[in-house]
Amino acid sequence: MIRKILPHPYLTVTLVMVWLMLANSYTLNSLVFAILVGLVIPWITAPYWPARPRFAKPLKIIEYIFIVIWDIIVANITVAKIVLFMPNSKLHPAWVTVPLDIVTPEAVTVLAGTITMTPGTLTAELAADGHSLLVHALHAPDADEVRDEIKSRYEARLKEIFE
């Protein structure tokens, strides 16, 4: 019965929180509408979700979010320094292939999104076989270091969360 009302409980909670942040108003009306949005959207879209993502360690998501937020802040400062103070002749942009150990589509999507949200890097392509990502780095004197950092900092944690 509860699955009919809340087909995707994590999505419901996320939608409620996002709506309240976007509304920037914490009134009863905003809360009621946020709950309504959080219940209706997952219910309408439930037939289009073939399977629900499973989380092996859902509490690790909070740790992952804080790490990503911290990395975004640090990367913003780093990119600002590169843009403002580094001459183009010393800039080393690079294409980096990141082989994937994660297999679930949700984990790959979160990894690709995390890389793209972090300033200075961009996920350009997922290999046809789904076993590697092509990442562009604004400044990567050592492409192997970029690859290793992505694998250890993000992919390893996503593997814990999703698998």
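The basis for the numbers below is simple: all heavy atoms, side chains too, and nothing from hydrogens, waters or symmetry mates.
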So which heavy atom on [X] is nearest to which on [Y], and how close?
| X | Y | result |
| --- | --- | --- |
| Phe162 | Glu106 | CE2-CB, 3.7 Å |
| Leu15 | Gly38 | CB-CA, 4.0 Å |
| Val146 | Ala140 | CG2-CB, 3.6 Å |

Give the intermediate values and the outcome of side-chain contact (heavy atoms from CB on, under 4.5 Å) for residues Phe33 and Asn29. CA-CA 6 Å; Phe33 193 74; Asn29 290 342; over 6 Å; no
Taking [X] for the side chain and [Y] for the main chain, is one N or O donor matched with an acceptor at less than 3.5 Å?
| X | Y | answer |
| --- | --- | --- |
| Thr118 | Thr121 | no |
| Lys151 | Pro99 | yes |
| Glu163 | Ile102 | no |

Which residues satisfy the side chain to side chain contact (heavy atoms under 4.5 Å, CB included) test with Pro47, sequence neighbours excluded? none
Give a yes or no on this: more than 12 heavy atoms of other residues, nucleotides or ligands lie within 6.0 Å of atom [atom1] of [X].
| X | atom1 | value |
| --- | --- | --- |
| Phe66 | CZ | no |
| Glu145 | CD | no |
| Glu149 | CD | no |

Say whether [X] and [Y] are linked into one hydrophobic cluster, either directly or through other cluster members, by side-chain heavy-atom distances under 4.5 angstrom.
| X | Y | result |
| --- | --- | --- |
| Leu36 | Leu11 | yes |
| Ile161 | Val68 | yes |
| Leu39 | Val13 | no |
| Ile65 | Val110 | yes |
| Trp43 | Val37 | yes |

Validation row: [X], [Y] side chains within 4.5 angstrom (heavy atoms):
| X | Y | result |
| --- | --- | --- |
| Leu100 | Leu126 | yes |
| Tyr154 | Asp71 | yes |
| Thr104 | Val108 | no |
| His139 | Pro93 | no |
| Ile72 | Pro119 | yes |
| Leu20 | Ser30 | yes |

Arg147 bridged to Asp144 by N-O distance under 4.0 Å: yes
Any idea how Phe55 and Tyr10 line up, ring-wise: parallel (<30°), tilted (30 to 60°), or perpendicular (>60°)? perpendicular
As an exercise, state the distance from [atom1] of [X] to [atom2] of [Y], rounded to the nearest 0.5 Å.
| X | Y | atom1 | atom2 | value |
| --- | --- | --- | --- | --- |
| Met86 | Thr78 | CE | OG1 | 10.0 Å |
| Ile82 | Ile77 | CD1 | CD1 | 12.0 Å |
| Glu160 | Lys60 | CD | NZ | 4.5 Å |
| Tyr64 | Arg157 | OH | CZ | 9.0 Å |
| Ser132 | Asp101 | OG | CG | 11.5 Å |
| Ile150 | Thr114 | CD1 | OG1 | 10.0 Å |

Who are the salt bridge (Lys or Arg N to Asp or Glu O under 4.0 Å) partners of Asp142, not counting sequence neighbours? none
With Val135 as reference, evaluate Thr116, Leu111, Ile115 under the side chain to side chain contact (heavy atoms under 4.5 Å, CB included) test and give the passing residue.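 Single side chain to side chain contact (heavy atoms under 4.5 Å, CB included) partner of Val135 among Thr116, Leu111, Ile115: Ile115.
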Using side chain to side chain contact (heavy atoms under 4.5 Å, CB included) as the criterion, point out the one residue from Val16, Thr12, Val18 that pairs with Thr14.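 Output: one option passes, namely Val18.
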